[in-house]
Amino acid sequence: MVIAVNAGASVSSVFGSIILQNLAGFTPDEAVLLNMPFGALQFISILLASWLAYRFKRKSPFLLGLVTIVIVGVALLVAIPKTKANKGGLLAGYYLIAFVFAINPLLISWMGANCAGQTKKAVYYTSFNAGNSIGNIITPYIFDSKFAPQYVSFTSLSSRPLSDNGQVNALKGIMIIWCILWAVVVAQFFLITWMQKKKGDQREAAGLPREFIDYSMEGDFHEAGAEVHGENGLADMTDKENLYFRYLL
């Protein structure tokens with residue numbers, strides 16, 4: 001998920017002005033100015049998505065919604081003819097990509113909420129940084145300047161042009177990456193649901209109640225005790241070891 005998110009994010013952060021100039025026909029100065037509301041949308045989407053995730057105590061529905069918005073934006077850039085008459089539609093599609101920047105904060109918190117144990121968390125967050133770097137490395141190979149302005153093809157990682165059958169519009173390539181991300185978020189939802197059921201089976205096998213009250217996402221303070229089972233979290237147990245660990249959807 002991290003690789004896909006950051007491959008898509010660098011499209012706008014690195015190639016945003018190029019896209020506006022080449023696809024929508026804006027001048028360099030106009031492209032810079034038109035990126036200002038793009039930044040405002042980033043700011044608003046991050047705050048809104050974070051608040052919604054906190055308000056409803058869920059991550060996956062809002063991650064899925066954000067990915068869907070970005071896919072629609074890229075689809076508009078792919079489908080709309082690249083003419084001056086279509087500047088408005090192309091600009092709208094470009095602005096929808098701004099919602100990609102709200103995904104990383106949710107993804108980081110989702111990762112942290114679904115693992116336990118200091119060593120395991122360290123591995124998770126190190127993997128996040130590695131995925132971030134890989135995603136940012138991928139995009140420059142997709143947006144090769146020799147295929148501008150339509151970016152009708154992209155090169156392989158070995159910098160050799162793909163065959164005619166392998167020629168793909170760069171934006172379509174990004175859209176494919178985002179569709180894969182959408183599918184992975186859905187798969188993760190079902191995986192976590194299965195893991196939660198398995199955790200209930202483990203509690204039953206140990207002679208413990210299958211369900212318990214989970215205060216971890218509550219807004220009010222609850223003192224740790226026998227009912228809350230918070231003491232397990234202080235024992236540096238991993239999520240698999242802690243029978244009372246609850247995965248977050």
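All values below were derived from every heavy atom in this structure, side-chain atoms included, with hydrogens, water molecules and symmetry-related copies excluded.
Enclosure of atom CZ in F43 is not indicated, since only 12 or fewer non-hydrogen atoms of other residues, nucleotides or ligands lie within 6.0 angstrom.
Using modelled atom types, no side-chain atom of D239 and backbone atom of F245 make a donor-acceptor pair closer than 3.5 Å. At least one donor-acceptor pair under 3.5 Å links the side chain of K121 to the backbone N or O of C115. Side-chain N or O atoms of R203 include none that pairs as donor or acceptor with a backbone N or O of L208 at under 3.5 Å. Proximity of a side-chain donor or acceptor of S60 to a complementary backbone N or O of L249 within less than 3.5 Å is detected. Of the possible donor and acceptor atoms, one in the side chain of K199 sits under 3.5 Å from a partner among the backbone N and O of N242.
Atom-to-atom distance recorded for R58:CZ and L64:CG is 14.5 Å, nearest 0.5 angstrom. The CD1 atom of I192 sits 9.0 Å away from the OH atom of Y247 when rounded to the nearest 0.5 Å. Between the CG atom in N6 and the CG atom in L107 there is a gap of 8.5 Å [rounded to 0.5 Å]. Between the CG atom of L66 and the CZ atom of F101 there is a distance of 12.5 Å, given to the nearest 0.5 Å. To the nearest 0.5 angstrom, L76 atom CG is 10.0 Å from M175 atom CE. In this structure, L52 CG and S45 OG are separated by 11.0 Å, a value rounded to the nearest 0.5 Å.
A pairwise comparison of heavy atoms in G131 and V2 identifies C-CG1, 3.6 Å as the closest pair. The minimum heavy-atom distance between V78 and L171, with the atom names listed, is CG2-CB, 3.6 Å. Minimum heavy-atom separation, L63 to I103: CD2-CG2, 3.6 Å. Contact record, I177 with A7: CD1-CB, 4.3 Å, taken as the closest heavy-atom pair. Summarising the geometry of P81 relative to N86, their closest heavy-atom pair is O-ND2, 3.0 Å, with the distance given to 0.1 Å. For the pair L248 and A113, the tightest heavy-atom approach, listed with the atom from each and the gap, is CD2-CB, 3.7 Å.
Scanning for salt bridge (charged side-chain N to carboxylate O under 4.0 Å, His left out) contacts around K240 gives an empty result, with sequence neighbours left out. The salt bridge (charged side-chain N to carboxylate O under 4.0 Å, His left out) search around K197 returns D201, not counting sequence neighbours. A search for salt bridge (charged side-chain N to carboxylate O under 4.0 Å, His left out) contacts involving E204 returns R210, not counting sequence neighbours.
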Residue pair V123, K120: steps toward the side-chain contact (heavy atoms from CB on, under 4.5 Å) verdict: CA-CA 5 Å; V123 172; K120 190 170 185 178; 5.7 Å; no
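Taken together through direct or relayed side-chain contacts under 4.5 Å among Ile, Leu, Val, Met, Phe, Trp and Tyr, I180 and I174 form part of one hydrophobic cluster. Cluster annotation: W110 and L47 are assigned to distinct hydrophobic clusters (Ile/Leu/Val/Met/Phe/Trp/Tyr, side-chain heavy-atom contacts under 4.5 Å, transitive). Under the 4.5 Å side-chain heavy-atom criterion for Ile, Leu, Val, Met, Phe, Trp and Tyr, I108 and I46 are members of the same hydrophobic cluster. No single ILVMFWY cluster, assembled from side-chain heavy atoms under 4.5 Å apart, contains both V32 and L34. Cluster annotation: V5 and Y125 are assigned to the same hydrophobic cluster (Ile/Leu/Val/Met/Phe/Trp/Tyr, side-chain heavy-atom contacts under 4.5 Å, transitive).
Counting only heavy atoms from C-beta outward, the side chains of K87 and L90 never approach each other to under 4.5 Å. The shortest distance between side-chain heavy atoms of V185 and F189 does not fall below 4.5 Å.
The side-chain tip of K59 does not point at the ring of F62 from less than 6.0 angstrom away and within 45° of straight on.
When each of V70, V72, I97 is checked for a side chain to side chain contact (heavy atoms under 4.5 Å, CB included) with W178, only V70 meets the rule.
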